Amino acid sequence: MCGIVGYVGERKAQDVLLKGLSRLEYRGYDSAGIAVLEARKINLIKRQGKLRILANVLKAGPAKGTVGIGHTRWATHGVPNDVNAHPHADCTGKIAIVHNGIIENYLDLKASLIKEGHKFRSKTDTEIIAHLIEKYYKGNLEQAVLKTVKLLKGSYAIAAIHANEPDKVVGARCDSPLIVGLGKGENFLASDVPAVLDYTKDVLYPDNHEIITITKTGAIVKNYTGRVVSKRPSRIKWDIKQAEKAGYEHFMLKEIYEQGDIVGGILDERLHDGKVLFEELNINQGAFKHFKKIVIVACGTAYHAGLTGKYMLEEYTHIPCWVDTSSEFRYRDPIVDKETLVIIISQSGETADSLAALREAKRKGARTLGICNVVGSSIAREADGVIYTHAGPEIAVASTKAYTAQLAILYLLTLYLARLKKTLPPSRISYLIKEFRKAPSLMEELLNEHKSEYNNIAAYAGEFKKYYHEKHNKSYFLYLGRNINYPNALEGALKLKEISYISAEGYPAGEMKHGPIALIDENPWVVCIVTQSKTYDKMLSNIQEIKARGGIVIAITTEGDKEILHHNVNYLIEVPKIDELFSPLLVVIPLQLLAYYVAKEFGYDIDQPRNLAKSVTVE
Ligand code: AGP
């Protein structure tokens, strides 16, 4: 996934583009570049490496001009280097383009362009777009872009400039996000809202197969037949401060600490007099009564939220629920129909596999519901109904606040359906709501309490690092959980591996004897989720099995649990007491913090881990 920005206005384009790209760096950060129009010439500067490398080059030799485009890259085709960085130019150097997505038929297009004499510089799929615009340019950039995009297969969000038309930027999108920022005497194109929020809160959301021409005075959106499409501007409700670190060392730590607030905000927004409100749901209650099964589809952390959702939905609504990764669901000819509710969970709302899974579910006649964080994202707009998590922008690649926000929405959906289908008596529903309402303050308490000897997670991370090197870098992590906290074992492992690059695996604890126990010697650190639950005693037995084989145990247990003290665990982390149903909201916090502090100990780039991107908008 990459980030693109376009600008037309009165400001120095270079400053606007660099600022916009800095807000989009979470989308990709292996190279960056800008192209600025000045006196009918394009000044194109691009560099491998993080944005700050490009910024230093531009400090020494600024690009003048008030119209331009910019790009920050997560490489798909062509290694990250100066040549493969975007923007890309045509043969004449009069055209420059930036692109987020994958052009699947680029090799055929490239072969015919080479036959026609075009000279290519890079190994990217993107460069063919610049040469196609050059081929079709007859004095009108919008027309040339329109002819070009009709030939493209795959996903794209592009922005293009031409030296002969120095007052405009032309964009187009298909399956990659692109928004329009509407300013006074200036307008913007960008992959995501944070890139324009320093200048405007008014945005347009173009749909797939729409082309946008921005000038200083306006933004015109047309469909691919050339007809103007009117778009109602949306006003962004949050401000750019929420997309900044606000004094935290990393976005990830800030977003971990925001979780209590966000879950509290979700409850305040959606729970009124014991009733759950989903205004934007757009699926009527009657339909909900007739669903014979629920299928939850997602990737990564969102998938783990879905797995947790299965436990609550089946237990409290009695609707059979299965959970699938988007990439498996979309290729498996899934058995879904009009009596199936398919829920797609996606923070970005742009994950390629999840978007494809949504389309497959719709093709098969299922009703589809998106649980998304990014307003106006593709999944949010293409699903039959949507519930926004309103967690604010999640900048760190490792998802944290989006996960607990997704859990909160799933709990509310469970209560909503249980009331609708009368699978729970009102008294039970009010008890659960009362318990649920405790969660935000308990999350805050857990995050802000004084670091007692039990909860000194940063120190545990330091001890792991020492141990890791003593064991000649052979140590790793196993995460074990049961029932509704089993998905948290998977989530804890994912958090650790994606930011500390240390091998980590999550497992249902009951599976230990079916294989993983063979791994147990003094090497692995085994995180056991052993909070108060119906499977508490079983977890204690697992801990005994591990200790008997020399394993090191970090136990996550309920505050005040005395029994655990007799089980000789190496490290203890306590979470406040809450009904088992809601315990995943608390248990995940030490798992997130453990991953954070281990990665910090190893000195890695926590917000922008290697090889990853915030949203995987390519397959
Ligand atoms: C989670 O920390 C990862 N960044 C990744 O697994 C992520 O959850 C996954 O790519 C799904 O993203 P989405 O929620 O935007 O669809």
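Not measured: the values here are computed from a predicted model. In listed order, ligands and their atoms are each counted from 1.
Tested against T301, the residues Q347, K495, E498 include a single side-chain hydrogen bond (donor to acceptor under 3.5 Å, both in side chains) partner, K495.
Among I345, L494, T351, I371, the residue whose heavy atom lies nearest to atom 13 (P) of ligand 1 is T351.
Within the 4.0 Å heavy-atom cutoff, C299 counts among the residues contacting ligand 1.
With hydrogens left out, the protein atom closest to atom 2 (O) of ligand 1 is E498 OE2, 2.4 Å, a heavy atom. In terms of protein heavy atoms, atom 10 (O) of ligand 1 is closest to V616 CG2, 4.2 Å. Counting only heavy atoms of the protein, atom 7 (C) of ligand 1 lies nearest to T301 N, 4.1 Å.
Near S399, the atoms of ligand 1 lying under 4.0 angstrom from a non-hydrogen atom of the residue are 1 (C), 2 (O). Contact atoms of ligand 1 toward A302: 8 (O), 14 (O) (distance under 4.0 Å to a heavy atom of the residue). Listed by atom number, the atoms of ligand 1 under 4.0 Å from A398 heavy atoms are 2 (O). Listed by number with element, the atoms of ligand 1 under 4.0 Å from a non-hydrogen atom of K495 are 1 (C), 2 (O).
Cation-pi check for R367 over F291 is not met; the charged atom does not lie both under 6.0 angstrom from the ring centroid and within 45 degrees of its normal.
Defined by atom type and a distance below 3.5 Å, a donor-acceptor pair is present between the side-chain atoms of Q259 and Q592. Under the 3.5 Å distance criterion, with hydrogens and angles disregarded, no donor-acceptor pair is assigned to the side chains of Y331 and D353.
Taking distance alone, with nitrogen or oxygen atoms compared against 3.5 Å, V397 approaches ligand 1 more closely than that limit. In terms of polar-atom proximity, defined here as any N/O pair under 3.5 Å, Q406 makes no such contact with ligand 1. The shortest N or O to N or O distance between Q347 and ligand 1 is under 3.5 Å.
Using a cutoff of 4.0 Å between basic side-chain nitrogens and carboxylate oxygens, K600 and E249 are scored as salt-bridged.
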